Amino acid sequence: MDPLDILENLSDVKPAYQPIVSAVKHTVIGYEVLGRFYFENEWISLGVFFS
């Protein structure tokens, strides 16, 4: 996917929050924010976009 496709369609970019769980207390201690892009009827990761 071309990075310009993403930049031209920013309305299709959404954050996804992944919880970080403590192994000791078994509670959520934070969140990791991941980028997702809606493309051809599915949500794909933006990890490659930031690499």
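Nothing fancy with the numbering, it's 1 onward along the sequence. Keep in mind the model is a prediction, meaning the values are calculated, not measured.
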Partners passing ring pair (Phe, Tyr, Trp, His ring centres under 6.0 Å) against Phe39 (at least two apart in sequence or in another chain): none
According to a 4.5 Å side-chain heavy-atom criterion applied to Ile, Leu, Val, Met, Phe, Trp and Tyr, with indirect links allowed, do Ile20 and Val33 form part of one hydrophobic cluster? no
Would you sort out whether Tyr17 and Leu34 count as a side chain to side chain contact (heavy atoms under 4.5 Å, CB included), showing the intermediate values? CA-CA 6 Å; Tyr17 299 96; Leu34 307 170; over 6 Å; no
Test of understanding: clusters of I, L, V, M, F, W, Y form through side-chain heavy atoms closer than 4.5 Å, transitively. Do Val24 and Val21 belong to the same one? no
Results of side chain to side chain contact (heavy atoms under 4.5 Å, CB included) for Thr27 - residues two or more places apart only: Ser22, Lys25, Ile29
Who pairs with Asp2 by side chain to side chain contact (heavy atoms under 4.5 Å, CB included), at least two apart in sequence or on another chain? Leu4, Asp5
List the residues meeting side chain to side chain contact (heavy atoms under 4.5 Å, CB included) with Glu42, not counting sequence neighbours, and say none if there are none. Ile44
Contact between Arg36 and Pro15 at the side-chain level, heavy atoms closer than 4.5 Å - yes or no? no
Which ILVMFWY residues are connected to Trp43, directly or by a chain of links, through side-chain heavy atoms under 4.5 Å apart? Tyr38
Under the side chain to side chain contact (heavy atoms under 4.5 Å, CB included) test, which residues partner Phe49, sequence neighbours left out? Pro3, Ile6, Leu7, Leu46
